[in-house]
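By convention in this document, chain letters (A, B, ...) are assigned in the order of the sequence lines, proteins followed by strands, and residues within each chain are numbered from 1. The analysis underlying the following values was restricted to heavy atoms, covering all of them including side chains, and did not include hydrogens, waters or symmetry mates.
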Amino acid sequence: MSDKIIEMKSVNKWFGDFQVLKDVNLDVNQKQKIVVCGPSGSGKSTLIRCINRLEEHQKGTIIVDGNELTEDTKNIEKIRAEVGMVFQQFNLFPHLSILDNCTLAPIWVKKMPKKQAEEMAMNELKKVQIADQAKKFPGQLSGGQQQRSAIARALCMEPKIMLFDEPTSALDPEMIKEVLDAMVNLAKGGMTMIVVTHEMGFAKEVADEVIFMDEGMIVERAPTKEFFANPKSDRTKLFLSQIL
Amino acid sequence: MSKINFLTPDKDNLNTYLYTGSFLFFIAVFDVFLSSFFKINITSFLPNILSFLLPLILGIIGLHLIRIEFSGIKNLDLLNKNINTSTFNAVLTLLIIFTIIKSIPPILSWFVLDANIAGDSKEACTGSGACWTYIKIWLRRFVYGMYPNDFQWRINISFILLVALAFVGYFPSEKLKKFLTLYYVVIYPIIAFILIYYLISGGAFGLEWVETGAWGGLSLTFIVSFFCLIFCFPVGMFLALGRRSQLPTVRYISVGFIEFWRGVPLITVLFMSSVMFPMFLPEDFFMDKLVRVIIAISLFEAAYVAEVIRGGLQALPRGQYDAAKSLGMGYWKMHIFVILPQALKLVIPGIANTFLALIKDTPLIFVVGLLEIVGMLNLAKTNPKWLGFAMEGYVFAAIIFWIICYAMSKYSYNLELKYKTER
């Protein structure tokens, strides 16, 4: 239960001269749900984008499921196939139907037979309650439906870890709930999740631990209840007082 | 009637204005029509300048009178809204109508009424219009070039087969559909090459050898355009990808290649392909003139295609790359399934533009001695028996090129509609 699936050791990253990640250490155990919060520009997104190497880190080591992230492209592709990601802007493929969006990677990356991939995709779409939209194109769906499709698409790769990069920030308020519901269900199913979000209600309901980041550093990491009840650092207190 | 203010037409006297206005407008058009078609000037009793301007004046007054806003008559409102919003627009409308009426008789007379098509020599052309006899007699040469008459069925058959094979893509079974791209990008060009090589060139299967120097006319236009289109597209695509590659070597080679070919005129490229290129080849190595020309044009156009496709690649949001990568797709899978389908869809108009330019560039191959349709025209117009018919020839070529290009542009427009998806 307590074996580490993600290990980040003193990870540093610069965008030009600007240091976005400063000596970040982060261990995540299997089936752990972690919410990352913090002001914008604090490096939250960069942190989780480093986990599947959408961003390269310049110093330190990141080990995902026993594989260290290096230049080795094959290794990176292997890790990416095990780490699902959901984006703020959904990033569905607009030229493919929802079903094809979901089956594309299983068929071509995991070499799954088409029939099996479609069955699995329909199953995942059912779980997020948009099975009836499978034949439509992304442009024909609402934001909430698109984001749920994106979650289903990531799940079709049967990932061990799911990363969420502000999944509800681009949504209309009334659609946020349907996406959060899908994420809560996923959490109950025992998925390892790292979620960057400002939805503190979601954090209280689902997260095991909450991480607060500021200026590229992890300022505080605490179990959820403790984090909200008595935050230690002043910076965290200030942040919480502003958003709660 | 005395209440009517003639300067500002209004709705209350709609009918009066409408009839007077239409009548004046009709008179104006009729006057121009008579003078244009029958050379009758019904206003010859007036001073010259007035007689000349009368239709315009009458027309302006007529259009002014029928310019009634919200008349309630649908067609009248439509007319006023589109071509009769102000006096200036009315003048433009009238001038356009008059120009069209004026230009119909001379065009009609040159093309049809005073033209000749009978007979089989220059002497048959007696009228003042076009001499289509010239086109008729030379048609075979314009289409097939110097290709021997007895073997021209070989060109016909190979073209028919090529067209038939191109339509294969419309009836594949579900199972074969995924091989369609492979078919069009790899298999079809190879089949096309073999067909052209063995059927048109001959030299095997009991077919007599016809050297490429004898090929020409419209069929050569088609052959050159066809192969150049097929080759320049994939090459351009790889160059576009290469230019955005992470690997410096690939990137610099692509940039250098593109900038080199875009910087030199096509005519120079063709000239070099025929004169300089053979010098670099080993002595016993022979490459046909036509092949060299096709390669040269393909590479030249590929540089343009590459830049057009790069525009499409740059228009895609970064999120598409991120999403594809996060699903574990490598470089090629990401580009084949996610990036290129979207980018190519965006650049269909640009690609069509480049392809049209390519087709219209083919006449330049005359510099290496290959005579496609325009080349054949130039040859025919200097024939001592047929001097003086350059005009007919060029009009004929213009019509042919226009038909080809218009068909292509229509096709590209249909493609755009077909692949239009909401974002």
Side-chain angles (χ1 to χ4, degrees), chain A residues 45 48-49 51-56 71 73-97 100-111 114 136-141 146 149-150 153-159 161-165 170, chain B residues 172-182 237 241 244-250 309 312-349 351 414-423:
Chain A
S45 293
I48 67 166
R49 285 167 68 87
I51 294 175
N52 64 356
R53 214 182 167 84
L54 287 181
E55 302 285 356
E56 245 173 82
E71 295 281 331
T73 333
K74 280 275 160 285
N75 187 33
I76 294 171
E77 278 164 27
K78 200 177 130 209
I79 289 172
R80 279 176 181 160
E82 287 178 7
V83 181
M85 184 151 186
V86 176
F87 302 86
Q88 184 179 355
Q89 298 295 343
F90 327 136
N91 295 344
L92 291 168
F93 306 134
H95 61 299
L96 298 176
S97 71
D100 289 339
N101 261 283
C102 292
T103 55
L104 183 66
I107 290 174
W108 293 100
V109 178
K110 293 182 104 181
K111 315 276 179 220
K114 195 176 175 199
K136 288 194 186 168
F137 285 87
Q140 298 165 314
L141 302 187
Q146 287 193 46
S149 319
R153 176 178 72 178
L155 289 176
C156 282
M157 287 297 284
E158 295 170 320
I161 308 162
M162 282 289 284
L163 308 172
F164 292 83
D165 189 2
Chain B
S173 65
E174 273 299 314
K175 216 174 172 183
L176 292 174
K177 243 182 182 153
K178 59 180 164 186
F179 298 111
L180 219 54
T181 321
L182 182 77
M237 207 162 74
L241 292 179
R244 289 166 60 85
S245 169
Q246 305 280 337
L247 310 168
T249 332
V250 176
I309 294 180
L313 291 174
Q314 271 170 354
L316 286 190
R318 190 182 160 198
Q320 293 293 315
Y321 292 88
D322 285 348
K325 282 183 201 162
S326 78
L327 290 167
M329 293 189 199
Y331 181 85
W332 290 110
K333 280 173 190 161
M334 173 172 82
H335 277 94
I336 292 170
F337 297 117
V338 178
I339 304 302
L340 283 175
Q342 295 183 63
L344 294 182
K345 196 167 71 189
L346 285 175
V347 297
I348 291 174
I351 296 271
N414 283 343
L415 273 186
E416 259 176 77
L417 288 184
K418 187 175 159 194
Y419 292 116
K420 198 169 151 193
T421 48
E422 294 161 70
R423 283 196 70 89

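In this structure, the portion of Val83(A) lying under 4.5 Å from any heavy atom of chain B is its backbone and not its side chain. Heavy-atom distances place no part of Arg53(A) under 4.5 Å from chain B, backbone and side chain included. Within the 4.5 angstrom heavy-atom criterion, atoms from both the backbone and the side chain of Phe93(A) approach chain B. Heavy-atom distances place both the backbone and the side chain of Lys325(B) under 4.5 Å from chain A. Looking at Glu77(A), both its backbone and its side chain come within 4.5 Å of chain B, counting heavy atoms on both sides.
Across all their heavy atoms, Ser149(A) and Leu92(A) have their closest contact at CB-CD1, 4.0 Å.
Remark: Asn414(B) engages no residue in a side chain to side chain contact (heavy atoms under 4.5 Å, CB included) (not counting sequence neighbours). In this structure, Gln246(B) has no side chain to side chain contact (heavy atoms under 4.5 Å, CB included) partners at least two apart in sequence or on a different chain.
In terms of heavy-atom pairs under 4.5 angstrom with chain B, the leader among Gln88(A), Arg49(A), Lys74(A) is Arg49(A).
Remark: the backbone N or O of Ile107(A) is not paired with any side-chain donor or acceptor of Lys114(A) at under 3.5 angstrom. A donor-acceptor pair under 3.5 Å links the side-chain atoms of Asn91(A) to the main chain of Gly319(B), judged by distance alone.
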